[in-house]
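Reviewing the structure listed below.
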Amino acid sequence: MAVQSERSASVDALVIGAGPAGLAAATRLKRLGLARVIVIDRELEAGGVPRHCGHSPFGMREFGRVLTGPAYARRLTDAARGAGVELMLGNTVVAIDTAESLVATCTSSEGIVRIAAKRIILATGVRETPRAARLVSGDRPLGVLNTGALQGYAYLQHLAPFRRPVIVGTELVSLSSLLTCRKIGARPVAMIEERSGPTTRRLFMGLPRLLGVPVFYGTRITDIRGAQRVEAVTLSGADGKRQDIECDGVLFTGRFTPDAPLARAAGLDIDSRTGGPTIDQFARTSEPRIFAAGNVLHPVETAGWSWREAVRVADFVAADLAGWLPSPDNAITLTPGDGVRYVVPQRIVRGPGGLSHIQLRATGDVSGALVAHSKGQRLRTQPMTSGPERRILAPLDAFRQADSDITFSFDNRRSTASRSDATCV
């Protein structure tokens with residue numbers, strides 16, 4: 001029986017997660033002069049989700065050109081290595097000890113490594129909600145997948161797991177799955193959505209029309225049937241009517257949740273709305289030596305947005321190591337109210353700097369006024385129309401001097417099919 005070795009290392013910053021956010025943060029930290037920065041990831045290749053996405057567009061914000069996902073992932077990885085970032089791939093962080101110094105325990109086929117870090121950045125990303133969590137009953141045949149598995153089959157293994165799937169969801173990733181299906185020669189027989197309208201912008205729903213894929217709103221899967229592999233599904237509409245559709249696969253897309261088990265195990269405060277760790281405007285978690293960046297904070301943003309946000313978080317980490325950040329104590333809390341799905345950051349501390357905007361998401365298609373309340377008083381009111389996958393930005397400076405907790409809500413809201421600019425000014 002082989003005995004695993006145990007090693008130790010010390011770093012200025014440990015970044016957990018080698019996706020766009022993690023690689024961006026690590027690259028920035030090295031360019032800011034930190035002596036040793038390690039990025040650790042359980043995957044054998046760096047780049048995160050984009051390396052499974054064989055379509056474009058990626059990279060316009062970061063590199064000024066349109067790239068496919070794999071090319072984008074390679075550019076991010078090459079930039080990190082070129083800056084002097086150390087990549088520890090095929091390693092899983094199983095625990096973070098915060099008692100005195102920060103120590104991350106990592107395991108791999110080569111043994112155990114304990115890494116003492118002055119600061120840690122969590123960039124563990126998100127994952128899709130699987131079939132079991134959606135409580136979809138029926139048989140358990142082959143052909144029931146999430147988008148990540150489909151992309152792995154298509155772009156890494158060059159396999160086609162089905163030819164005539166039903167796609168569940170209308171998020172951006174659902175539309176991405178249509179392009180992946182086209183790549184492998186699959187022709188989806190339907191796209192279904194439980195809501196009365198699409199989760200993404202209506203304009204983007206021109207893609208399934210262009211590809212000849214019928215879309216059913218107010219519809220859900222109630223049964224999956226098949227012996228060896230999927231043969232048919234039963235769909236139920238909002239009116240109670242049912243219909244059977246023959247197919248050879250079911251693709252569950254979206255409904256992202258932060259990949260936050262490590263944050264929970266480390267004892268960090270978790271936001272019940274996002275499912276990720278809570279932060280202040282400097283991306284500090286409830287353990288101020290641990291920062292967070294990317295989609296572990298907000299399900300779900302684009303790779304480019306996560307990259308840009310992570311660069312800012314790296315600036316905050318460097319400033320903290322230099323002793324320039326204000327105290328994390330005496331923060332006011334930002335809370336989502338009626339019609340608001342989540343608010344990030346969840347805390348504001350006294351002092352200049354930090355993220356420039358508060359990010360919010362609506363619970364559905366809403367129209368009315370986004371209102372910030374504190375002690376029963378209105379701090380700010382912004383007429384707005386938005387939807388569930390629209391980014392809403394409110395200037396953080398407008399709330400920096402508040403002396404009590406703030407709740408954001410939509411007043412006089414109503415359901416709407418239209419979408420307008422979702423930026424507070």
Side-chain angles (χ1 to χ4, degrees), residues 49 52 125-154 159-181 184 186-200 204-205 207-208 211 213-261 272-275 295 299-300 341 361 363-365 387-389:
V49 171
H52 302 292
V126 291
R127 54 190 175 188
E128 290 176 290
T129 300
R131 171 187 179 175
R134 298 176 192 238
L135 304 179
V136 176
S137 62
D139 299 326
R140 294 290 186 267
L142 296 174
V144 181
L145 307 174
N146 284 88
T147 315
L150 169 64
Q151 292 171 334
Y153 278 120
L159 298 174
F162 42 53
R163 294 295 182 184
R164 298 176 298 108
V166 169
I167 297 176
V168 182
T170 56
E171 299 180 38
L172 279 176
V173 69
S174 313
L175 303 183
S176 171
S177 75
L178 288 174
L179 299 177
T180 305
C181 285
I184 62 175
R187 297 179 61 88
V189 297
M191 174 177 277
I192 69 169
E193 170 60 58
E194 289 191 35
R195 301 176 64 253
S196 59
T199 301
T200 190
F204 296 161
M205 295 306 293
L207 179 61
L211 298 178
V213 179
V215 180
F216 300 96
Y217 296 113
T219 302
R220 60 190 180 90
I221 287 184
T222 55
D223 190 30
I224 299 175
R225 297 190 302 282
Q228 297 300 316
R229 66 171 305 113
V230 176
E231 298 172 3
V233 298
T234 299
L235 306 182
S236 295
D239 56 3
K241 292 183 180 180
R242 296 192 173 194
Q243 62 173 317
D244 292 335
I245 294 183
E246 293 185 356
C247 59
D248 67 350
V250 178
L251 184 67
F252 290 101
T253 68
R255 290 195 187 180
F256 289 99
T257 58
D259 193 353
S272 63
R273 296 296 192 98
T274 64
N295 280 326
V300 60
R341 180 181 165 196
R361 288 285 176 97
T363 55
D365 293 322
E389 209 174 60

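Interatomic distance, N295 CG to T274 OG1, rounded to the nearest 0.5 Å: 11.0 Å. With values rounded to the nearest 0.5 angstrom, L251 atom CG is found 6.5 Å from L145 atom CG. In this structure, CG in L207 is found 7.5 Å from CE in M191, a value given to the nearest 0.5 Å.
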Run T199 and T170 through side-chain contact (heavy atoms from CB on, under 4.5 Å) and show every step you take. CA-CA 5 Å; T199 301; T170 56; 3.6 Å; yes

Stepwise, does the side-chain contact (heavy atoms from CB on, under 4.5 Å) test hold for L235 with I245? CA-CA 8 Å; L235 306 182; I245 294 183; 3.3 Å; yes

From CA spacing to verdict: side-chain contact (heavy atoms from CB on, under 4.5 Å), E389, F204: CA-CA 12 Å; E389 209 174 60; F204 296 161; over 6 Å; no

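Put simply, the side chain of S177 never gets that close to the backbone of T147: no donor and acceptor are under 3.5 Å apart. Checking side-chain atoms of E171 against main-chain N and O of V173 turns up no donor-acceptor pair under 3.5 Å. R361 places a side-chain N or O within donor-acceptor distance of the main-chain N or O of V300, the cut-off being under 3.5 Å. Looking only at distances, no side-chain donor or acceptor of E193 sits under 3.5 Å from a matching main-chain atom of V215. Of the possible donor and acceptor atoms, one in the side chain of R229 sits under 3.5 Å from a partner among the backbone N and O of D248. Between the side chain of D365 and the main chain of G387, no donor-acceptor pair closer than 3.5 Å is present. Side-chain N or O atoms of R131 include one that pairs as donor or acceptor with a backbone N or O of V136 at under 3.5 Å. A side-chain donor-acceptor contact under 3.5 Å links T180 to the backbone of S176. The backbone N or O of G148 sits nowhere less than 3.5 Å from a side-chain atom of N146 that would complete a donor-acceptor pair. Checked by atom type and distance alone, the side chain of S174 never pairs as donor or acceptor with a backbone atom of T253 at under 3.5 Å.
Note on R255 versus E194: salt bridge recorded, some NZ/NE/NH1/NH2 to OD/OE distance being below 4.0 Å.
Within a 6.0 Å radius of CD in E246, no more than 12 heavy atoms belonging to other residues, nucleotides or ligands are found.
Here the closest non-hydrogen pair linking V126 and P258 is CG1-CA, 3.9 Å. In plain terms, the two heavy atoms of V166 and V189 that are nearest each other are CG2-CG2, 3.6 Å. Closest non-hydrogen pair, R225 versus D223, comes out as CG-OD2, 3.2 Å. Closest of all the heavy-atom pairs between F256 and R341 is O-NH2, 4.4 Å. Nearest heavy atom pair, residue P141 against residue A227, reads CB-O, 4.2 Å. G364 and R195 get closest at one heavy-atom pair: CA-NH2, 4.1 Å.
Side-chain contact check for H52 versus Y153: every heavy-atom pair is 4.5 Å or farther apart. Here the side chains of L178 and P208 are in contact, with some heavy-atom distance below 4.5 Å. Within the 4.5 Å cutoff, the side chain of R134 has no heavy atoms near those of the R220 side chain. For the pair I221 and T234, the minimum side-chain heavy-atom distance is 4.5 Å or more. Proximity of F162 to V250: side-chain heavy atoms (C-beta onward) are nowhere separated by under 4.5 Å. For the pair S236 and T219, the minimum side-chain heavy-atom distance is 4.5 Å or more. A 4.5 Å side-chain heavy-atom check between T222 and R242 finds at least one atom pair inside the cut-off. For the pair V230/V144, a side-chain contact is recorded, criterion being any heavy-atom separation below 4.5 Å from C-beta on.
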